[in-house]
Amino acid sequence: MSSKIQPVKGTREFYPEEMALRNFIYEKVRAASQSFGYQEYDGPFIEAIDLYAAKSGEELVKKQSFTFQDRGGDFVTLRPELTPSLARMIAAKQGELTFPARWWSFGPFWRYEQPQKGRSREFFQWNLDMLGVNSPEADAELIAVGAAFLRSVGLTSDLAAIYVNNRRLMDSEFDALGISAEKRMDVSNLVDRRSKMESAKWDSYALELGLDQTQLDGLKSILDNFDLWKKSDELVRLFSALEALGVSDYVKFDPNIMRGLLYYTGTVFEAFDTSGSLKRAIFGGGRYDNLLADVGGQSLSGVGFAMGDVVIGILLKEKGLLPEFVPSPAPVLVTVFDESLLRESYALAAELRHSGLNVLCFPEPAKLQKQFKFADKMKARVVLTMGPDEFSNNEVAIKNMMNGEQIKVKREAVLQSILGMLNSV
RNA sequence: GAGCCUGUAGCUCAACGGCAGAGCGUCGCCCUGUGGAGGCGAAUGUUGCGGGUUCGAAACCCGUCAGGCUCCCCA
């Protein structure tokens with residue numbers, strides 16, 4: 001036991017049931033992305049650490065990346081996020097791509113942090129970005145894709161909400177309070193923590209950061225002002241577009257949404273489960289105006305968001321929104337009556353596979369009871385048996401596992417009978 | 001990186017200083033050609049690992065490893 005090699009901490013083992021969940025998420029993600037015309041792509045899983053150094057935030061690069069030296073001595077890292085790779089890919093073909101580019105991706109990422117509920121060191125992430133258009137309406141489309149996904153998995157707008165803010169709006173509010181540019185980072189950090197700290201503690205922490213009492217009071221009134229968006233043309237247009245897109249039920253303005261990544265410049269948003277059973281964002285994103293120039297491209301604006309598979313997976317499980325798990329992808333199982341009929345059973349299964357059915361065949365003779373129990377566990381819907389009686393009459397016994405009825409049909413009619421049973425549900 | 005909690009059968013857990021158990025699952029039988037419900041029965045443990053205290057340790061102490069939760073950060 002103790003000598004067994006454990007999986008690397010924070011990595012994931014996808015047993016068939018978990019794999020089904022991952023694929024379920026993938027399918028819903030793909031459907032939502034494609035319904036808005038986004039194209040699928042992917043980047044390298046390993047990148048030079050320098051790619052992230054500029055804009056991803058110190059925490060992400062220095063403490064949370066799986067970094068190592070390759071055999072040539074270069075420092076590389078398992079990708080902790082996709083946006084910088086995307087920016088480079090776009091920049092490299094900027095002259096030949098057609099804009100606006102609408103791209104999406106679903107793949108693995110790694111971050112070295114403490115595994116806990118909703119967070120692992122290895123996770124899958126949906127990324128969706130639009131590049132080449134800088135407008136609140138483009139931002140709205142991104143939010144609408146996110147909302148379409150939530151709706152498609154059954155997270156209705158009373159179960160999940162998308163909170164929106166705008167960095168430019170906040171910057172101008174901070175300017176008005178005389179909060180210096182150097183303190184911006186500390187202040188956004190402060191804002192992020194507000195919901196997690198007692199208000200008295202939060203106040204004294206704010207003063208420690210060097211805000212004076214007037215600035216603190218001003219900050220609080222900003223953060224409590226849920227009508228603040230009306231002062232931002234961008235947000236006014238955003239909310240109008242969201243209404244046209246039919247997703248306003250999901251979206252609310254919230255001045256407390258800041259987001260840690262440094263590259264966001266305009267609209268930012270985060271989706272949460274409204275019951276608050278998980279205090280982690282389902283997805284989050286925003287507009288980045290300078291990222292492309294930072295990796296060597298011409299200035300090009302983008303907007304995007306990312307969703308990890310862990311939080312959404314926990315939520316879907318908790319809310320009972322997952323489809324029933326069917327262990328075997330084969331709805332049909334062929335039993336093996338005895339040694340002498342094994343080849344016949346194998347041949348029957350093969351024949352049905354050639355007709356396009358997924359078919360499971362028991363791999364050895366065994367008591368029929370055992371084989372039927374196995375079929376039941378695999379949630380097979382139809383079980384075929386060819387015993388001596390059936391074989392001598394050129395027949396096959398077909399049992400409908402959904403209602404328990406069994407019939408015998410001529411071998412030539414087996415396919416039709418099966419299809420009839422499978423379609424009758 | 002810090003704090004708190006937990007490691008006992010495949011799983012969930014009980015036993016809290018005195019014979020290591022239950023439920024679920026698995027397997028077998030009831031049922032010699034048929035699943036789900038039920039009945040009966042069986043198998044399965046260096047109590048995470050190492051040391052210490054004790055007549056006696058799963059339990060108490062120390063260390064260590066692993067997991068969970070929180071802080072931090074974030075998908």
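Residue numbering restarts at 1 for every chain, and letters A, B, ... go by the order of the sequence lines.
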Check: When the C1' atoms of B:C24 and B:G67 are considered, how many whole Å apart are they?
Finding: 22 Å
Notebook entry, point to check: Which atom names give the shortest non-hydrogen contact between A:Ala330 and A:Leu360, and what distance separates them?
Noted result: CB-N, 3.8 Å
Notebook entry, point to check: Should stems be defined as at least three consecutive Watson-Crick or G-U pairs with both distances under 3.5 angstrom, which of them involve RNA chain B?
Noted result: B:1-7 with B:65-71, B:10-13 with B:21-24, B:26-30 with B:38-42, B:48-52 with B:60-64
Notebook entry, point to check: If we take the C1' atom in both B:U44 and B:C11, what is their distance in whole Å?
Noted result: 13 Å
Checklist line | Nearest-Å distance once atom P is located in both B:C71 and B:G10 | finding: 35 Å
Note to self: Could you check whether A:Arg22 makes a cation-pi contact with A:Phe124, meaning its NZ or CZ is under 6.0 Å from the centre of the six-membered ring and within 45° of the ring axis?
What the structure shows: yes
Next item on the list: Identify whether any heavy atom of A:Ala306 sits under 4.0 Å from a base atom; if not, whether one sits that close to sugar-phosphate; answer base, sugar-phosphate or nothing.
Entry: sugar-phosphate
Check: Contact class for A:Ile282 vs. all strands (heavy atom < 4.0 Å): base, sugar-phosphate, or nothing?
Finding: sugar-phosphate
Check: Out of A:Leu86, A:Asp42, A:Asp129, which one pairs with A:Ser105 under the side chain to side chain contact (heavy atoms under 4.5 Å, CB included) rule?
Finding: A:Asp42
Next item on the list: For B:C74 and B:A37, measure between their C1' atoms and round to the nearest Å.
Entry: 49 Å
Next item on the list: Using whole Å, report how far NZ of A:Lys9 lies from P of B:C65.
Entry: 10 Å
Check: Below 6.0 angstrom between ring centroids: does that apply to A:Phe149 and A:Trp126?
Finding: yes
Margin query: If you assign A:Val311 and A:Pro115 each to the RNA chain B nucleotide with the nearest heavy atom, which residue ends up on the more 5' nucleotide?
Written below: A:Pro115
Notebook entry, point to check: To the nearest angstrom, how far is A:Ile162 atom CD1 from B:A75 atom C1'?
Noted result: 15 Å
Grab the N/O contacts between the protein and nucleotides 32-35 of chain B below 3.5 Å, and write none if there aren't any.
| unit_1 | atom_1 | unit_2 | atom_2 | d |
| --- | --- | --- | --- | --- |
| B:G33 | O6 | A:Asp389 | N | 3.2 |
| B:G33 | O6 | A:Asp389 | OD1 | 3.3 |
| B:G33 | O6 | A:Asp389 | OD2 | 2.6 |
| B:G33 | N1 | A:Glu390 | OE1 | 2.7 |
| B:G33 | N1 | A:Glu390 | OE2 | 3.0 |
| B:G33 | N2 | A:Glu390 | OE1 | 3.4 |
| B:G33 | N2 | A:Glu390 | OE2 | 2.6 |
| B:U34 | O2' | A:Lys399 | NZ | 3.4 |
| B:U34 | O2 | A:Lys399 | NZ | 3.3 |
| B:U34 | O2 | A:Gln406 | OE1 | 3.2 |
| B:U34 | N3 | A:Gln406 | OE1 | 2.6 |
| B:U34 | N3 | A:Gln406 | NE2 | 3.2 |
| B:U34 | O4 | A:Gln406 | NE2 | 2.6 |
| B:G35 | OP1 | A:Gln369 | OE1 | 3.4 |
| B:G35 | O2' | A:Asp376 | OD2 | 3.1 |
| B:G35 | N7 | A:Lys399 | NZ | 2.9 |
| B:G35 | O6 | A:Gly404 | N | 3.4 |
| B:G35 | N1 | A:Met401 | O | 2.7 |
| B:G35 | N2 | A:Asp376 | OD1 | 3.2 |
| B:G35 | N2 | A:Met401 | O | 2.9 |
| B:G35 | N3 | A:Asp376 | OD1 | 3.3 |

Notebook entry, point to check: A:Tyr15 has an atom OH; how far is it from atom P of B:C11, in whole Å?
Noted result: 10 Å
Check: Expressed in angstrom and rounded to an integer, what is the separation of A:Gln116 atom CD from B:C71 atom P?
Finding: 7 Å
Next item on the list: For B:C60 versus B:U53, give the span between their C1' atoms, rounded off to a whole number of Å.
Entry: 8 Å
Next item on the list: Considering just the side-chain nitrogens and oxygens of A:Gln114, establish if one lies under 4.0 Å of OP1 or OP2 belonging to B:C73.
Entry: no
Next item on the list: Please evaluate the base of B:A75 for a donor-acceptor partner in the side chain of A:Arg280 within a cut-off of under 3.5 Å?
Entry: no
Next item on the list: Figure out the CD1/C1' separation between A:Ile257 and B:C74, and round it to whole Å.
Entry: 13 Å
Next item on the list: Evaluate side-chain contact (heavy atoms from CB on, under 4.5 Å) for A:Val359 paired with A:Leu384, printing each intermediate quantity in order.
Entry: CA-CA 10 Å; A:Val359 181; A:Leu384 308 188; over 6 Å; no
Next item on the list: Mind calculating the distance between CG (A:Asp309) and C1' (B:C74) to the nearest angstrom?
Entry: 14 Å
Next item on the list: State, without any angle test, whether A:Ser232 and A:Arg168 hold a side-chain donor-acceptor pair at a distance under 3.5 Å.
Entry: no
Note to self: With a 3.5 Å cut-off and heavy atoms only, can you find an N or O donor on one side and an acceptor on the other between the side chain of A:Arg119 and the base of B:C74?
What the structure shows: yes
Next item on the list: Apply side chain to side chain donor-acceptor pair (under 3.5 Å) to A:Glu412 and A:Asn394, showing your working.
Entry: CA-CA 9 Å; A:Glu412 309 80 65; A:Asn394 193 36; 2.9 Å; yes
Item checked: Gap in Å between the two P atoms, one belonging to B:A9 and one to B:C5, rounded -> 23 Å
Next item on the list: Quote, to the nearest angstrom, the C1' distance that separates B:C65 from B:C55.
Entry: 32 Å
Notebook entry, point to check: What integer number of Å spans the P atoms of B:G28 and B:C13?
Noted result: 28 Å
Next item on the list: Provide, to the nearest angstrom, the distance between the OH atom belonging to A:Tyr112 and the P atom belonging to B:G1.
Entry: 6 Å
Next item on the list: Assign A:Ser120 to base, sugar-phosphate, or nothing according to its heavy-atom contacts below 4.0 angstrom with the strands shown.
Entry: base
Next item on the list: Count the heavy atoms belonging to other residues, nucleotides or ligands that lie under 6.0 Å from CZ of A:Phe391, then report whether that count exceeds 12.
Entry: no
Check: So does A:Lys370 have more than 12 non-hydrogen atoms from other groups sitting under 6.0 Å from NZ?
Finding: no
Next item on the list: Give, for atom CG of A:Leu190 and atom OH of A:Tyr205, the distance between the pair rounded to the nearest 0.5 Å.
Entry: 7.0 Å
Next item on the list: Measure the distance between the ring centre of A:Phe123 and the centre of the six-membered base ring of B:A75, then answer whether it is under 5.5 Å with planes under 30°.
Entry: yes
Margin query: For A:Trp103 and A:Tyr41, take the angle between the two ring planes, folded into 0 to 90°, and tell me which bin it lands in: parallel under 30, tilted 30 to 60, perpendicular over 60.
Written below: tilted
Next item on the list: Could you tell me the separation between the CH2 atom of A:Trp110 and the P atom of B:C73, rounded to a whole number of Å?
Entry: 25 Å
